[in-house]
K.L.:
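Structure incoming, see below.
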Amino acid sequence: MGRLCSPKCRFARIMGWLQIVLGGLAIVVSIASLFKFYTAGFFLNHEDICHDFYHVSDASVGFDIRALNDRVGEVLDRMDKLQEKLEKKVQEMEKNRDDLGKTTMTRLEHKRFLEQEVIRPLYGAHIALRQIRLPKAEGIRNSTMKEEPLINTFVVEEIRKYITPKENRVGNTNIYGTERIYNTIGHACVLMKKELEEYMDYDIGSYCKDDWNLAQKLMVNGCDPLPRRRCLTRASKVYQKPYPINESLWRVPDDRNVRWSNYQCRNVQCLSSKNPKRGYSKCTGCFEMDKEKLKWVTNISLPVDFLIKDVLAIKPREIRIGLDFGIGTGTFAARMREQNVTIVSTALNLGAPFNEMIALRGLIPLYVTLNQRLPFFDNTMDLIHTTGFMDGWIDLMLMDFILFDWDRILRPGGLLWIDRFFCNRKDLDDYMYMFLQFRYKKHKWAVSPKSKDEVYLSALLEKPPRAI
């Protein structure tokens with residue numbers, strides 16, 4: 001007969017089976033864990049491990065490593081120059097060892113040498129190193145951007161303060177639905193670092209330098225928009241009260257209301273088309289009111305010259321607001337104001353005070369370049385008029401982007417008035433395609449010779465409705 005198992009024996013068997021089960025569970029858990037590690041990439045040295053296990057995204061995403069490298073390179077260059085300068089000084093002293101004891105250098109001169117040649121360069125290198133900002137491993141609340149990508153591109157602290165994202169003080173989303181406000185600058189600013197740092201080098205709260213021409217140089221070269229500044233803009237020291245609105249439209253403004261320091265002329269009379277040294281070439285005669293009064297209201301022999309009354313008759317009482325995209329002193333806007341139409345006039349100060357002239361006439365100047373997306377919402381303008389600025393010199397791709405932006409802001413049924421666009425005769429078909437690609441309705445279309453090789457094109461086109 002088999003031996004009966006005692007209670008102690010039964011307990012030992014139960015514990016044995018329990019150990020076998022627990023051991024099996026441990027093996028299963030271990031295999032599952034190894035599989036999890038494998039799929040996460042531990043055994044493949046996969047760079048997304050932290051993403052899966054610690055939910056930390058790559059801190060270098062959106063960070064400009066090249067800018068960081070350039071900043072470190074600048075600091076190293078400063079240190080190399082300082083070392084070279086000191087070694088050169090020591091070598092000079094070695095050559096003149098016999099005269100070292102006879103030096104007449106005072107303690108004050110020695111102190112000044114140390115401050116200017118040693119301490120200041122070291123301090124500058126030290127500050128440059130301290131200003132280097134590395135990407136953060138953790139995000140700011142729900143943001144995935146760890147650091148402003150351009151922060152290490154610039155040395156001037158005011159630029160760095162401007163482009164650093166500004167968090168909301170209350171810790172919640174703002175009225176725009178964002179947690180931070182990003183101040184913008186044009187991407188080409190990094191190519192004009194020296195000029196931009198000069199522009200932003202000022203004393204906070206004091207008067208700005210009279211450097212609008214530097215700002216315009218930055219803008220037209222793609223550093224647009226420019227950063228805001230915290231200094232007080234300058235005005236003419238003898239600024240006078242503007243003329244009343246019933247006089248200002250067709251009266252030459254007071255010379256004292258313009259800052260002339262960055263212009264070749266020093267008064268409005270100097271800007272006459274008869275003066276070969278007027279300092280500008282576009283829109284000659286724009287500062288002579290007797291000539292300006294004739295535009296768009298008197299019959300001209302060329303078929304490309306349309307009259308305002310004829311254009312407005314196509315859309316009676318429908319044209320209320322519009323944009324004049326060109327270069328001038330606001331005469332088109334002045335004539336349209338007489339018809340109760342509000343026109344915003346784009347302008348750049350290309351050698352003459354075009355913006356000041358428009359404003360002093362009681363009209364609205366819009367200081368923008370060809371580089372910039374127009375600051376108007378979609379389908380809002382009744383009329384877009386262009387003349388004298390965008391002609392046959394313009395690249396076709398750039399023109400395509402500009403025309404699509406105009407189409408964006410022009411409302412259905414709005415009018416696009418192409419006024420005296422000129423180009424080389426052989427390029428006319430290319431430019432005609434640019435204007436006709438939107439399938440606008442033709443109200444007026446005229447081509448006229450400008451010279452032997454150039455032609456004028458004027459057109460009045462209506463944007464069609466686009467039901468979606």
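Source: prediction; values computed, not measured.
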K.L.:
Provide the full list of ring-ring contact (aromatic ring centres under 6.0 Å, His included) pairs with a residue in residues 448-468, sequence neighbours left out, each pair given once.
P.N.:
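Residue pairs passing ring-ring contact (aromatic ring centres under 6.0 Å, His included), neighbours aside: none found.
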K.L.:
If a pair satisfies salt bridge (Lys or Arg N to Asp or Glu O under 4.0 Å) and one of its residues is in residues 379-391, list it, with sequence neighbours excluded.
P.N.:
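Passing the test, one end in residues 379-391: Lys282-Asp391, Arg320-Asp382, Asp382-Arg411.
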K.L.:
Can you sort out the partners of Phe422 under ring-ring contact (aromatic ring centres under 6.0 Å, His included), two or more places apart, ordered by chain and number?
P.N.:
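Once residues adjacent in sequence are excluded, Phe422 has no partner under the ring-ring contact (aromatic ring centres under 6.0 Å, His included) criterion.
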K.L.:
Using the test side-chain contact (heavy atoms from CB on, under 4.5 Å), find all partners of Ala459 that sit at least two apart in sequence or belong to another chain.
P.N.:
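Applying side-chain contact (heavy atoms from CB on, under 4.5 Å) to Ala459 gives Ile418, Trp445, Leu461.
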K.L.:
Only pairs at least two apart or in different chains count here, so list each salt bridge (Lys or Arg N to Asp or Glu O under 4.0 Å) that has a residue in residues 233-248.
P.N.:
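Pairs touching residues 233-248 that pass the test: Glu247-Arg251.
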K.L.:
Holding to salt bridge (Lys or Arg N to Asp or Glu O under 4.0 Å), I want the full list of residues that pass it with Arg420, two or more places apart in sequence or in another chain.
P.N.:
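Once residues adjacent in sequence are excluded, the partners of Arg420 under the salt bridge (Lys or Arg N to Asp or Glu O under 4.0 Å) criterion are Asp305.
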K.L.:
Taking disulfide bond (SG atoms under 2.5 Å apart) as the cut-off, I'd like each qualifying pair that reaches into residues 283-366, sequence neighbours left out, listed once.
P.N.:
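Matches after skipping sequence neighbours: Cys283-Cys286.
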K.L.:
Does Asn267 have any side-chain contact (heavy atoms from CB on, under 4.5 Å) partners at least two apart in sequence or in another chain, and if so, which?
P.N.:
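Partners of Asn267 under the side-chain contact (heavy atoms from CB on, under 4.5 Å) test: Asp255, Gln269, Cys270.
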K.L.:
According to the salt bridge (Lys or Arg N to Asp or Glu O under 4.0 Å) rule, which pairs have a member within residues 336-349, sequence neighbours left out?
P.N.:
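Listed once each, the pairs are Arg335-Glu338.
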K.L.:
Run the side-chain contact (heavy atoms from CB on, under 4.5 Å) test against Gln339 and tell me which residues pass, sequence neighbours left out.
P.N.:
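With sequence neighbours excluded, Gln339 shows a side-chain contact (heavy atoms from CB on, under 4.5 Å) to Ile308, Leu312, Val341, given in chain and number order.
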K.L.:
Name all residues meeting the ring-ring contact (aromatic ring centres under 6.0 Å, His included) criterion together with Phe325; count only those two or more places apart in sequence or in a different chain, and write none if there are none.
P.N.:
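Scan of Phe325 (ring-ring contact (aromatic ring centres under 6.0 Å, His included), adjacent residues dropped) gives Trp406.
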K.L.:
Which pairs with one or both residues in residues 422-446 pass salt bridge (Lys or Arg N to Asp or Glu O under 4.0 Å), sequence neighbours excluded?
P.N.:
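Sorted result for residues 422-446: empty, none.
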